[in-house]
Colleague: 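Next up is a structure, given as C-alpha cells.
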Amino acid sequence: MKRIGGSQLSHRVNKKVKELKPSGIRRFFDLIIGREDVISLGVGEPDFAVPWRIREEMIYSLERGITSYTSNLGLPELREAVADYYTKFGVDVDQGNVLITTGVSEGFDIAMRSIINPGERVVIPEPAYVSYVPLSILAGGDVITIPTSPDFKLRYEDIVKVGEAKVLVINYPNNPTGVSYTKKELEEIADAVIEIDAIVISDEIYAELSYNFKHVSIASLNGMEDRTVILNGFSKSFAMTGLRVGYAIAPDDIFESMLKIHQYCMLCAPVTAQIGAIEALRNGDDELEEMRAEYLRRRNFFIKRIKEVFEVNTPDGAFYAFPCIENTGMSSEEFAEKLLFEKNVAVVPGTAFGECGRGYIRCAYAVSMDKLKEATDKIIDFVNSL
Ligand code: PLP
C-alpha cells in the first residue's frame with residue numbers, strides 16, 4: 001500500500017497560491033482547537049443552533065429522500081423568496097437575477113472571476129474580511145487597499161483618489177469593525193463609484209444584524225442597479241454556517257458569467273440547506289428577531305465594559321467589536337497571544353484584516369452572555385495587570 005503525503009516538490013503548486021499568506025484567523029483557531037478551557041471571541045460564528053422550524057423542514061426533506069442536485073440556479077422557490085425578501089432593503093429584484101450559491105464565499109469567488117481580467121484593479125477598503133484580498137488576487141486582480149482607520153468609514157474622497165478601478169468591494173455592517181452606512185453615506189459612496197465607473201461587490205451578509213438604523217442596499221440607489229453585485233446568505237442571520245447556502249443578485253451580463261462558473265465548479269448549493277433557507281425566509285422572522293435582540297444585548301454589555309480599558313467605536317451591526325489596544329504598548333499579535341496564554345481568552349489580532357488593523361483586536365460577541373461576561377472580566381484584569 002502506498003502512503004500519500006510528504007512531498008517536498010513545492011515548485012509544483014501554483015505560484016499565486018504559494019505566495020498567499022495563510023489566514024490570520026485560522027492560525028489562532030488552530031491554537032485553541034480542542035481546548036475546553038479557552039473562551040473564544042475569535043471566530044465569527046453564531047453560538048445559536050439553526051432555528052428548530054428550519055431544522056424540521058430539512059429533516060422532513062431528508063425523510064422524503066430529497067437528496068438530488070437542484071437546478072444550477074437553485075430551487076425556484078428559494079430564488080423567488082430571495083427576490084421578494086430583498087424589497088425589504090429597497091431593491092426590486094427579478095428572480096431571474098438570483099443565483100443560489102454555496103455561501104457568500106462562493107458568491108464572492110465567482111463574482112470576482114466573472115468580472116476581473118488579468119491586471120484590472122480591485123479596490124478593497126481595509127480592515128476587510130479575510131478572503132477578499134486572496135480571492136481577488138487568484139482572480140487575477142491588481143488589489144489596491146484603502147485604509148479606513150481611525151473611524152473605519154469609507155468616504156467619497158477615498159474612492160475618487162484611486163482614480164480608476166474595475167471593482168470596489170464593500171461590506172456593511174462590516175467584519176471586523178461593525179461599521180455600517182446610512183443611506184446618505186451610501187449615496188456619497190455611490191457617487192464616487194459612478195465617477196470612477198466601477199462595479200460594486202456588496203457583501204451584505206450582516207444586513208439583518210443592523211442595530212442603529214435600517215440596512216439599505218447600495219443597489220437601491222440611483223445609477224447603482226446595473227453596477228452592483230449583491231452577496232448575501234444564511235450563515236449569520238439564521239445561524240446556518242455549516243449548511244453552506246447564500247445567494248448573489250447581479251445584472252444580466254455578470255449573472256450569466258457567474259452562472260457559467262458556478263455550473264462547472266459547484267453544480268448547485270446543497271439541496272437540504274436550500275430547503276432550510278426557503279423556510280428561513282418564509283417563516284423565520286421571529287427567531288431572527290430573537291437572535292438580533294440577543295446580539296444587541298451582548299453588544300451593549302461588551303462595549304460598555306471594554307470601554308473601561310480601551311477606546312472602541314460602538315458597532316452599528318454584525319457581532320464584532322474592534323477595540324484599539326495601543327495603550328498596552330503591545331502589538332496586536334503580542335496582545336492576542338499573551339491574552340490567550342495568560343487568561344485563556346482568544347481574540348484575533350487586527351492585522352489579520354489588513355495593515356491598518358495594526359493596534360487593534362477583533363472580538364466576536366457571538367458567545368453566550370455568561371461566557372462574554374467571564375471573557376470581558378479576564379480581558380480587563382489582564383490590561384489592568386500590565
Ligand atoms: N462575508 C463576510 C463579511 C463574513 O464575515 C463571512 C464569514 O465570516 C463570509 C462572507 C462567509 O460567508 P458564508 O458562510 O456565507 O460563506
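Position 1 is the first residue of the sequence; numbering continues from there.
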Colleague: Just so I know, are the side chains of P176 and V348 near enough to count as touching, which here means a heavy-atom distance under 4.5 Å?
Modeller: no

Colleague: Quick one: do L41 and L209 end up in the same hydrophobic cluster if we chain Ile, Leu, Val, Met, Phe, Trp and Tyr together by side-chain heavy atoms under 4.5 Å apart?
Modeller: yes

Colleague: Would you call E187 and K184 a salt bridge, using N to O less than 4.0 angstrom?
Modeller: no

Colleague: I'd like to check V104 versus S235 (side-chain heavy atoms, cut-off strictly below 4.5 Å). Are they in contact?
Modeller: no

Colleague: For the hydrophobic clusters of this structure (ILVMFWY residues joined by side-chain heavy atoms under 4.5 Å, transitively), does one cluster hold both V162 and I116?
Modeller: yes

Colleague: Mind telling me whether Y172 and H215 have parallel, tilted or perpendicular rings, with 30° and 60° as the class edges?
Modeller: parallel

Colleague: Identify whether L135 and L99 are in the same connected component of the hydrophobic contact network (ILVMFWY, side-chain heavy atoms under 4.5 Å).
Modeller: yes

Colleague: Could you give me the CA-CA distance, side-chain angles and deciding distance for N175 and K236, then say whether side chain to side chain contact (heavy atoms under 4.5 Å, CB included) is met?
Modeller: CA-CA 11 Å; N175 173 8; K236 312 293 171 166; 5.7 Å; no

Colleague: With a 3.5 Å distance limit and no angle check, can you tell me whether E342 reaches the backbone of F382 through a side-chain donor-acceptor pair?
Modeller: no

Colleague: So does R305 pair up with E308, basic N to acidic O under 4.0 Å?
Modeller: yes

Colleague: Taking all non-hydrogen atoms of both residues, which atom of A192 and which atom of I159 are closest, and how far apart?
Modeller: CB-CB, 3.7 Å

Colleague: List the residues meeting ring-ring contact (aromatic ring centres under 6.0 Å, His included) with F48, not counting sequence neighbours, and say none if there are none.
Modeller: Y295

Colleague: Around F213, counting heavy atoms of other residues, nucleotides and ligands shown, do more than 12 lie under 6.0 Å from its CZ?
Modeller: yes

Colleague: Could you grab the distance from atom OH of Y264 to atom CG of L259, nearest 0.5 Å is fine?
Modeller: 10.0 Å

Colleague: Would the distance check show the side chain of D316 and the main-chain N or O of Y181 forming a donor-acceptor pair, the cut-off being under 3.5 Å?
Modeller: no

Colleague: Taking atom CG of N222 as the centre, report whether more than 12 heavy atoms of other residues, nucleotides or ligands fall under 6.0 Å from it.
Modeller: no

Colleague: Can you spot which of I361, I379, I303 makes a side chain to side chain contact (heavy atoms under 4.5 Å, CB included) with P323?
Modeller: I361

Colleague: Taking the ring of Y129 and the ring of F353, is the distance between their centroids below 6.0 Å?
Modeller: no

Colleague: Check whether any side-chain heavy atom of L221 lies under 4.5 Å from a side-chain heavy atom of L186, and answer yes or no.
Modeller: yes

Colleague: Heavy atoms only: give me the nearest V367-S40 pair and the separation to one decimal.
Modeller: CG1-O, 3.3 Å

Colleague: Can you name the nearest heavy-atom pair linking V17 to N14, along with the distance?
Modeller: N-OD1, 3.0 Å

Colleague: Are side-chain heavy atoms of V93 and V82 found at a separation under 4.5 Å?
Modeller: no

Colleague: Hey, is E279 close enough to R282 for a salt bridge, meaning N to O under 4.0 Å?
Modeller: no

Colleague: Are more than 12 heavy atoms, taken from residues, nucleotides or ligands other than K371, located less than 6.0 Å from that residue's NZ atom?
Modeller: no

Colleague: Salt bridge check, E334 against K338: does any charged N sit closer than 4.0 Å to a carboxylate O?
Modeller: yes

Colleague: Under a 4.0 Å threshold between the charged nitrogen and the carboxylate oxygen, would E355 count as salt-bridged to R358?
Modeller: yes

Colleague: Could you identify which residues cluster with F341, counting Ile, Leu, Val, Met, Phe, Trp and Tyr as linked when any side-chain heavy atoms lie under 4.5 Å apart, either directly or through a chain of such contacts?
Modeller: none

Colleague: Side-chain heavy atoms under 4.5 angstrom apart, residues restricted to Ile, Leu, Val, Met, Phe, Trp, Tyr: same cluster for F108 and V123?
Modeller: yes

Colleague: Please tell me whether V216 and V200 are part of a single hydrophobic cluster in this structure, the criterion being side-chain heavy atoms less than 4.5 Å apart.
Modeller: yes

Colleague: Quick one: CZ on R299 to CG on L296, what's the gap to the nearest 0.5 Å?
Modeller: 5.0 Å

Colleague: Carefully, step by step, assess Y365 and F301 under the rule ring-ring contact (aromatic ring centres under 6.0 Å, His included).
Modeller: CA-CA 10 Å; Y365 50 87; F301 166 81; over 10 Å; no

Colleague: Would you say that P127 contacts T148 through its side chain, given a criterion of any heavy-atom pair below 4.5 Å between the two side chains?
Modeller: yes

Colleague: Could R362 and Y360 be counted as a cation-pi pair, given that NZ or CZ must be under 6.0 Å from the ring centre and within 45° of the axis?
Modeller: no

Colleague: Looking at D47 and R298, is there a salt bridge between them, counting it only when a charged N and a carboxylate O are closer than 4.0 Å?
Modeller: yes

Colleague: Which distance, rounded to the nearest 0.5 Å, do you find between the OG1 of T272 and the CD1 of I59?
Modeller: 10.5 Å

Colleague: Determine, step by step, whether F152 and N174 satisfy the side chain to side chain contact (heavy atoms under 4.5 Å, CB included) criterion, reporting the C-alpha distance in whole Å, the side-chain angles of both residues, the deciding distance to 0.1 Å, and the verdict.
Modeller: CA-CA 9 Å; F152 304 117; N174 181 270; over 6 Å; no

Colleague: Counting only N and O atoms by type, is there a donor-acceptor contact under 3.5 Å from the side chain of H262 to the main-chain atoms of L73?
Modeller: no

Colleague: Tell me whether R53 contacts the main-chain N or O of N283 through its side chain, where contact means a donor paired with an acceptor under 3.5 Å.
Modeller: yes

Colleague: Could you tell me whether D109 and R113 make a salt bridge, using a distance below 4.0 angstrom between a side-chain N and a carboxylate O?
Modeller: yes

Colleague: Are any of the side-chain nitrogens in D158 or K153 under 4.0 Å away from the carboxylate oxygens of its partner?
Modeller: no

Colleague: Might you work through the side-chain hydrogen bond (donor to acceptor under 3.5 Å, both in side chains) test for N232 and Y86, ending with a clear yes or no?
Modeller: CA-CA 10 Å; N232 205 330; Y86 241 79; 3.0 Å; yes

Colleague: For the pair Y132 and E126, evaluate side-chain hydrogen bond (donor to acceptor under 3.5 Å, both in side chains) and give the outcome as yes or no after the intermediate values.
Modeller: CA-CA 10 Å; Y132 298 155; E126 280 187 340; over 6 Å; no

Colleague: Does D92 CG have over 12 foreign heavy atoms under 6.0 Å away?
Modeller: no

Colleague: Which atom pairs, donor and acceptor, lie under 3.5 Å between side-chain atoms of residues 244-256 and protein residues at least two apart or in another chain?
Modeller:
{"unit_1": "R244", "atom_1": "NH1", "unit_2": "T241", "atom_2": "O", "d": "3.0"}
{"unit_1": "D252", "atom_1": "OD1", "unit_2": "N97", "atom_2": "ND2", "d": "2.8"}

Colleague: Hey, could you give me the NZ/CD distance between K378 and E374, rounded to the nearest 0.5 Å?
Modeller: 4.5 Å

Colleague: Are the charged groups of E208 and K88 less than 4.0 angstrom apart, N to O?
Modeller: yes

Colleague: Which is it for V122 and I144 under the side chain to side chain contact (heavy atoms under 4.5 Å, CB included) test, yes or no, and what are the steps along the way?
Modeller: CA-CA 6 Å; V122 177; I144 315 277; over 6 Å; no

Colleague: Counting N and O atoms only, with roles assigned by atom type, does the side chain of S210 sit under 3.5 Å from a partner on the main chain of A207, one being a donor and the other an acceptor?
Modeller: yes

Colleague: Identify the heavy atoms of M58 and A273 that sit nearest to each other, and give their distance.
Modeller: SD-CA, 4.2 Å

Colleague: Closest approach of I110 and C265, non-hydrogen atoms and distance?
Modeller: CG2-SG, 4.4 Å

Colleague: Atom NZ of residue position K183 - does it have more than 12 heavy atoms of other residues, nucleotides or ligands inside 6.0 Å?
Modeller: no

Colleague: Can you tell me how far the OG atom of S114 sits from the CD1 atom of I261, to the nearest 0.5 Å?
Modeller: 3.5 Å

Colleague: Distance-only, no hydrogens or angles: does the K166 side chain make a donor-acceptor pair with backbone N or O of I115 under 3.5 Å?
Modeller: yes

Colleague: Mind listing the closest non-hydrogen atom pair of A364 and G44 along with its distance?
Modeller: CB-CA, 4.4 Å

Colleague: When rounded to the nearest 0.5 angstrom, what is the spacing between CD in E188 and CZ in R155?
Modeller: 8.0 Å

Colleague: Within the 4.5 Å heavy-atom criterion, are V271 and Y69 side-chain neighbours or not?
Modeller: no

Colleague: Do other residues, nucleotides or ligands put more than 12 heavy atoms under 6.0 Å from K304 NZ?
Modeller: no

